[in-house]
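What follows is a short report on a single structure.
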Amino acid sequence: MRFTKGARIAAGTALLALGLAACGSGASTGGGTASADLPVRMELGEPQKLFYPGDTSESEGAEVLAAVFAPLVDYDENKQVVNEAAESIETTDNKVWTIKLKPGYTWQDDGSAVTAQNYVDAWNYAANQDNAQSSNGFFNRIEGWADLNPGEGQTVSTKEMKGLKVVDDNTFQVTLTQPFSQFKTMLGYTAFYPLPSSAFGDDGKITETYAKQPIGQGLFKFDKPYNKGTDQTIDLTLYGKFPGKKPNFDKLQFKMYTSPETAFNDLAAGNVDVDDSLPPSAISRAKSEFGERYIDQADATIAYIGFPLQYNKTYANIKVREAISLAIDRKTIAETVFSGTRAPADDFINPLLDGYRQGACAVCTYDPARAKTEYTEANGPKTLELGYNADGPHKEWIEAVANNLRANLGVQVSVKPFEKFASILDELDQKTYGGMFRMGWAIDYPSAENYLTPVFSTVAIKTGSNYAGWSNKEFDDLLAKGDSAPTQAEGLKFYQQADDILIKELPYIPVYYYRINAAFSQNVKGVKINLLNQVEWSEVEKTV
């Protein structure tokens with residue numbers, strides 16, 4: 001999964017109508033203090049953790065790892081799967097999959113060839129409950145996963161899933177417990193990267209040394225270890241032996257910001273080259289200021305308001321959650337707060353993917369009178385708190401939601417900013433934040449299933465991304481039926497039935513569908529952002 005810090009927000013004159021303060025910058029044109037010696041620089045929020053691929057489940061860390069690793073598969077502009085590091089991925093029954101590696105991929109430390117064993121080792125590690133990797137649940141379809149996950153307090157008696165078998169140096173076989181037609185589609189996700197043998201210490205664990213300076217088989221390699229909490233940049237150099245398409249620049253730098261306004265000021269001054277987190281105060285003028293260097297494109301991400309149902313009973317009554325949903329004026333938020341660059345959400349599946357149903361979520365329709373009635377009848381709490389990360393441009397729309405709730409439910413609402421996305425994720429992981437929270441979901445792979453299993457399934461509560469802690473057996477069973485369908489298309493009816501349960505129970509409230517609004521400086525050209533919201537670095541060129 002990939003929870004997104006949630007950049008790319010737009011706001012314009014409507015901010016004034018909502019009584020919100022707009023932040024500004026004296027933007028110029030993104031010109032240049034650059035020279036040929038400078039790296040290409042991209043704005044980034046601080047990653048939540050060090051770089052363990054199986055434990056990187058948010059957008060900022062994943063953006064860095066995507067520059068360092070090459071996935072088995074990628075996705076074209078039509079959302080179709082294309083092989084990347086895989087030569088072939090074949091099955092005759094959707095249960096036993098044979099993956100053959102493309103030759104030429106090597107590890108960045110010693111230049112040795114990437115092998116099938118490297119994938120098997122990495123997947124077994126991520127799937128073992130003792131290693132507490134957040135992507136653990138992505139491997140639960142593989143035979144033997146249960147042996148690595150006997151449950152809390154139980155001893156893990158093996159280190160390998162019996163469903164993983166190395167055939168030869170370039171080939172491995174994956175056997176699933178049940179047929180799953182979309183298994184190949186999943187393999188572009190961060191959790192399925194391989195790991196070199198040097199990543200593991202004598203105890204079989206991934207070392208901190210590796211996590212500070214991960215060694216991949218992709219476009220760029222780390223220049224030095226990254227010290228989380230201290231370093232403000234992550235510096236990479238092009239890996240010359242990468243066998244795929246390379247960009248025409250050698251140095252890439254991620255610059256970390258806690259303020260989207262500061263990042264945009266640096267973009268305008270030419271001190272950063274790519275910014276996909278444009279602040280509300282800038283988006284309305286970004287198109288005129290950046291011209292062809294402004295990006296506005298469809299995005300498969302969904303923005304939510306979430307409830308910590310597992311450990312805070314304040315929101316236990318479904319009618320309370322339903323009333324809160326009915327009280328949110330999504331249309332005004334989408335059209336005014338975001339200057340028309342968002343669309344009101346009316347389903348848990350984004351319209352970009354098959355499976356979306358227009359108007360599926362009836363309680364996502366603005367109805368303040370019904371909201372007030374239901375909230376009163378349910379004896380909803382008199383005070384509410386709403387948390388968000390301030391390193392992404394969320395203040396304006398969260399304040400708008402808070403104003404909706406105050407006005408339509410007659411309650412007191414406090415808004416709590418967290419300095420970093422990593423901070424609110426940490427508190428949600430530790431179950432110490434009890435307020436409602438802003439969240440966004442950017443897909444890991446193009447499937448309706450990816451909006452459901454990683455975010456709302458029971459298996460995703462402990463080590464996945466189910467921050468609500470919501471669990472529903474019928475929902476889980478429907479996912480299993482969708483997984484077992486012969487084709488992705490045939491599985492959709494079950495995923496949509498599972499979606500209906502989400503709409504009925506509302507562990508999260510979908511608020512809006514994103515668009516990507518980004519910009520880049522005069523120092524680069526060819527900037528493209530892919531379906532997974534990551535920059536395609538092989539397409540980028542320096543102009544100075």
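Values below: all heavy atoms of this structure, side chains included; hydrogens, waters and symmetry mates excluded. Everything numeric in this text was worked out from a predicted model, so none of it was measured.
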Enumerate donor-acceptor pairs with a distance under 3.5 Å from any side-chain N or O in residues 70-77 to protein atoms, sequence neighbours excluded.
from, atom 1, to, atom 2, distance (Å)
Tyr75, OH, Thr185, O, 2.5
Tyr75, OH, Gly188, N, 3.2
Asp76, OD1, Asn78, N, 2.8
Asp76, OD1, Lys79, N, 3.1
Asp76, OD1, Gln80, N, 2.8

Residue pair [X] / [Y], side-chain donor-acceptor N/O under 3.5 Å:
X	Y	answer
Glu419	Ser423	no
Asn350	Tyr514	no
Ser134	Asn136	no
Trp107	Asn118	yes
Asn530	Glu536	yes
Thr487	Glu490	yes
Glu43	Ser277	yes

Show me the donor-acceptor pairs, under 3.5 Å and distance only, between side chains in residues 355-363 and residues at least two apart or in other chains.
from, atom 1, to, atom 2, distance (Å)
Tyr356, OH, Asp346, OD1, 2.9
Tyr356, OH, Asp346, OD2, 3.1
Arg357, NH1, Asp500, OD1, 3.0
Arg357, NH2, Gln496, O, 3.2
Arg357, NH2, Asp499, OD2, 2.8
Arg357, NH2, Asp500, OD1, 2.9

Parallel, tilted or perpendicular: which describes the rings of [X] and [Y], with under 30° parallel and over 60° perpendicular?
X	Y	answer
Tyr512	Trp397	perpendicular
Phe183	Trp97	tilted
Phe51	Tyr226	tilted
Phe172	Trp123	perpendicular
Phe192	Phe138	perpendicular

* Aromatic ring proximity, centroids under 6.0 angstrom, Tyr451 and Phe456 -> no
* To do: Kindly state whether the ring of Phe418 and the ring of Tyr433 have centres lying under 6.0 angstrom apart.
  => yes
* Qualifying residue, where the test is ring pair (Phe, Tyr, Trp, His ring centres under 6.0 Å) with Phe475 and the options are Phe494, Trp470, Tyr495 ->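 Checked Phe494, Trp470, Tyr495 against Phe475; only one passes ring pair (Phe, Tyr, Trp, His ring centres under 6.0 Å): Trp470.
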* Which residue, Phe307, Tyr388, Tyr508, Tyr304, forms the ring pair (Phe, Tyr, Trp, His ring centres under 6.0 Å) with Phe437? ->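 So, applying the ring pair (Phe, Tyr, Trp, His ring centres under 6.0 Å) to Phe437 and each of Phe307, Tyr388, Tyr508, Tyr304, only Tyr508 qualifies.
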* Check the pair Glu143 / Leu176 against side-chain contact (heavy atoms from CB on, under 4.5 Å), numbers first and verdict last. => CA-CA 5 Å; Glu143 274 192 357; Leu176 309 180; over 6 Å; no
Flag the pair [X] and [Y] as a salt bridge only when some basic side-chain nitrogen lies within less than 4.0 angstrom of an acidic carboxylate oxygen.
X	Y	answer
Asp391	Lys420	no
Lys245	Glu539	yes
Glu396	Arg438	no

* **Atom of Ala390, atom of Pro260 and distance for their closest heavy-atom approach** => O-CD, 3.6 Å
Ignoring hydrogens and geometry, is there a side-chain-to-backbone donor-acceptor pair from [X] to [Y] under 3.5 Å?
X	Y	result
Arg515	Gly340	no
Lys228	Pro47	yes
Gln48	Gly61	no

* side-chain contact (heavy atoms from CB on, under 4.5 Å) between Leu352 and Tyr513, worked out -> CA-CA 10 Å; Leu352 271 186; Tyr513 301 126; over 6 Å; no
* To do: State which residues pass salt bridge (Lys or Arg N to Asp or Glu O under 4.0 Å) with Arg321; sequence neighbours excluded, sorted by chain then number.
  => none
